[in-house]
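Remember, it's a predicted structure, so these values are computed and weren't measured experimentally. When reading the values below, keep in mind they use all heavy atoms of this one structure, side chains included, and skip hydrogens, waters and symmetry mates.
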Amino acid sequence: MGHSKTFGAIEVGDGGDGRWGDYARSRWPELSWWLDPERRTPEHAARGRALFAEHMPELVGVRERLAAQLDRPDGDTFLTFANMRTSFAGCTQIGGAGRLLRNYDFAPERCEGTIVHSRFLRPVIGTQEAGWGLLDGMNDAGLAVSLTFGGRFVHGPGFAVPLVLRYLLETCATVAEAVGRLRTIPISTAQNLTLADPRGAVTVYTGPDIAPTEAPEACAANHQEEPVPEGQERFSRTRERLERVRAVGADVAAMLRPPLYMTAYDEGLGTLYTADYRPAEGRVAYHWPGECWEQSFDRFTTGSRTVELGAVG
């Protein structure tokens, strides 16, 4: 069965002029799915706001501005990202000086599919998830960050990781600064973050049960510990993908072919896009087999594109 997906590109400014609110309200049924129904209580809402104020004080004003634009009863609770459903995706990524390349693997119907240019605290371009979180992105200082699931099914108090990426890009200018911030932020699930700036790149393993730990190389698939259990490898091919990306480096063509390009869409492990960030140049190119969509701080183009997924050449 074939799969297709429509990706959009929007500009939202600082979130106060109505553009972000119009978008979020139009997508609210889809976005609100991420709010865990068991945590829709006043107690959880209060804990989420307190956690946000403690760990992301710079974004409190932005969150409040967006919540007013969203104008939904659960809107402010949702935007803290402290009461979110647990979600596990695939993905492969690799970084280097001035370069971050990643495949995002997930279920097509659960990916927001929006490229966003915002100016909440500073200019940021990235692939949005759940309204204002990011799966990957870059800022005007030349820092880029992307995420992959860490392969361990653990959960604890903390933030859903897309908001952590947003926070790092809004408040940090370098990999070193961002890694330092990571050590202070609780993340609710096991995640691998790859960060790149003009001077270098690093991958950091995070989770609710471990301190942030730098990986041996600036690349990641969907595991942290080795050896990888046989069942996990058979399902996700995480070890095979990591060995492949290590061998070929930051190669877009390789990302668009197996084993890095995944086609198990019905199992939630199909490649939805390949993003090639050049943060020092302020530009990113989104790739699909036979198609490319470029965006940059100098020339950001709004609109939409529908692409066929799984068309491996």
Side-chain angles (χ1 to χ4, degrees), residues 1-13 15 18-35 66 69-70 72 78 84-85 87-93 101-118 124-138 146-149 160 162-163 165-166 252 255-257 260-277 283-297 299-313:
M1 179 179 176
H3 294 269
S4 64
K5 184 164 183 65
T6 299
F7 291 83
I10 61 173
E11 292 194 75
V12 299
R19 287 179 292 175
W20 183 89
D22 289 344
Y23 171 83
R25 288 191 302 273
S26 73
R27 303 285 289 267
W28 180 242
E30 172 189 344
L31 299 181
S32 63
W33 178 88
W34 290 101
L35 185 57
L66 297 185
Q69 290 281 319
L70 182 54
R72 293 293 184 272
F78 167 78
M84 305 294 268
R85 291 179 189 262
S87 178
F88 305 107
C91 315
T92 313
Q93 58 194 19
L101 178 65
R102 68 100 96 257
N103 274 3
Y104 183 68
D105 310 328
F106 200 41
E109 67 277 9
R110 282 294 171 212
C111 176
E112 187 173 332
T114 301
I115 304 164
V116 63
H117 182 195
S118 63
V124 171
I125 292 175
T127 315
Q128 187 168 270
E129 188 64 284
W132 74 312
L134 295 170
L135 302 172
D136 44 71
M138 64 180 177
S146 68
L147 63 86
T148 77
F149 170 48
L163 183 62
L165 265 66
R166 165 67 70 182
V252 171
M255 284 290 205
L256 296 173
R257 295 191 300 266
L260 300 178
Y261 191 89
M262 305 274 280
T263 57
Y265 295 100
D266 293 332
E267 288 75 48
L269 281 176
T271 300
L272 302 186
Y273 64 87
T274 300
D276 186 6
Y277 285 91
R283 62 187 178 93
V284 56
Y286 291 86
H287 295 270
W288 301 270
E291 189 159 353
C292 176
W293 195 3
E294 296 187 0
Q295 300 285 8
S296 69
F297 290 114
R299 187 174 181 178
F300 188 87
T301 305
T302 60
S304 64
R305 294 191 181 189
T306 300
V307 298
E308 295 300 317
L309 303 172
V312 180

Nearest 0.5 angstrom please: Arg305 CZ to Trp293 CH2, how far?
6.0 Å

Should Thr148 and Tyr104 count as side-chain neighbours, where that means a heavy-atom distance under 4.5 Å?
no

Between the main-chain N or O of Gly13 and the side-chain N or O of Ser118, is there a donor-acceptor pair closer than 3.5 Å?
no

Counting distance only, does the side-chain N/O of Lys5 pair as donor-acceptor with the main-chain N or O of Tyr273 below 3.5 Å?
no

Does the side chain of Ser146 come under 3.5 Å of the side chain of Tyr277 through a donor N or O and an acceptor N or O?
no

Tyr261: what forms a ring-ring contact (aromatic ring centres under 6.0 Å, His included) with it, not counting sequence neighbours?
none

Using 0.5 Å steps for rounding, measure from the CG atom of Leu165 to the OG1 atom of Thr127.
10.0 Å

Do side-chain atoms of Gln295 reach the backbone of Thr301 as a donor and acceptor pair under 3.5 angstrom?
yes

I'd like to check Leu101 versus Thr92 (side-chain heavy atoms, cut-off strictly below 4.5 Å). Are they in contact?
no

Quick one: sort the Tyr265 and His3 rings into parallel, tilted or perpendicular, breaks at 30° and 60°.
tilted

Between Tyr23 and Arg19, is there a side-chain donor-acceptor contact under 3.5 Å, judged purely by atom types and distance?
no

Shortest non-hydrogen contact from Ser32 toward Pro29
OG-O, 3.3 Å

Interatomic distance, Leu31 atom CG to Leu70 atom CG [nearest 0.5 angstrom]:
8.0 Å

Minimum heavy-atom separation for Ser296 and Arg283, please, with both atom names.
CB-CB, 3.8 Å

For Leu272, does its backbone N or O pair with a side-chain atom of Trp288 as donor and acceptor, under 3.5 Å?
yes

Begin with the C-alpha distance, continue with both residues' side-chain angles, and end with the deciding distance and a verdict on side chain to side chain contact (heavy atoms under 4.5 Å, CB included) for Tyr286 and Thr274.
CA-CA 6 Å; Tyr286 291 86; Thr274 300; over 6 Å; no

Within residues 106-117 or reaching into it, pairs that qualify as salt bridge (Lys or Arg N to Asp or Glu O under 4.0 Å) - sequence neighbours excluded
none

Can any side-chain N or O of Arg85 pair as donor or acceptor with the backbone N or O of Trp33 at less than 3.5 Å?
yes

Roughly how far, to the nearest 0.5 Å, is CG of Leu269 from CZ of Phe106?
9.5 Å

Quick check: closest heavy atoms across Trp20 and Gly15, and the distance to 0.1 Å?
CB-CA, 4.2 Å

I need the minimum non-hydrogen distance between Val284 and Ala275, along with the two atoms involved.
CG2-CB, 4.4 Å

Could you check whether any side-chain heavy atom of Asn103 comes within less than 4.5 Å of a side-chain heavy atom of Gln93, counting everything from C-beta outward?
no

Kindly confirm or rule out a cation-pi arrangement of Arg166 over Trp132, judged by NZ or CZ under 6.0 Å from the six-membered ring centre and within 45° of its axis?
no

With Ser304, which residues qualify under side-chain contact (heavy atoms from CB on, under 4.5 Å), at least two apart?
Thr6

Which heavy atom in Arg102 sits nearest to a heavy atom in Leu135, and how many Å separate them?
NH2-O, 3.1 Å

Does the side chain of Met138 reach to within under 4.5 Å of the side chain of Val124, using non-hydrogen atoms?
no

Between atom CG of Leu309 and atom CE of Met262, what is the distance when rounded to the nearest 0.5 Å?
14.0 Å

Sorted by chain and number, sequence neighbours left out, side chain to side chain donor-acceptor pair (under 3.5 Å) with Glu11 holds for His117

The side-chain contact (heavy atoms from CB on, under 4.5 Å) partners of Ala130 (sequence neighbours excluded) come to Trp34, Phe78, Phe81, Met84

Determine, step by step, whether Asp105 and Thr271 satisfy the side-chain hydrogen bond (donor to acceptor under 3.5 Å, both in side chains) criterion, reporting the C-alpha distance in whole Å, the side-chain angles of both residues, the deciding distance to 0.1 Å, and the verdict.
CA-CA 4 Å; Asp105 310 328; Thr271 300; 2.7 Å; yes

Residues which pass salt bridge (Lys or Arg N to Asp or Glu O under 4.0 Å) with Glu294, listed by chain and number, not counting sequence neighbours:
none

Could you check if a side-chain atom of Thr114 sits within less than 4.5 angstrom of a side-chain atom of Arg27, using non-hydrogen atoms only?
yes

Could you tell me the separation between the CD1 atom of Ile115 and the CD1 atom of Ile125, rounded to the nearest 0.5 Å?
9.5 Å

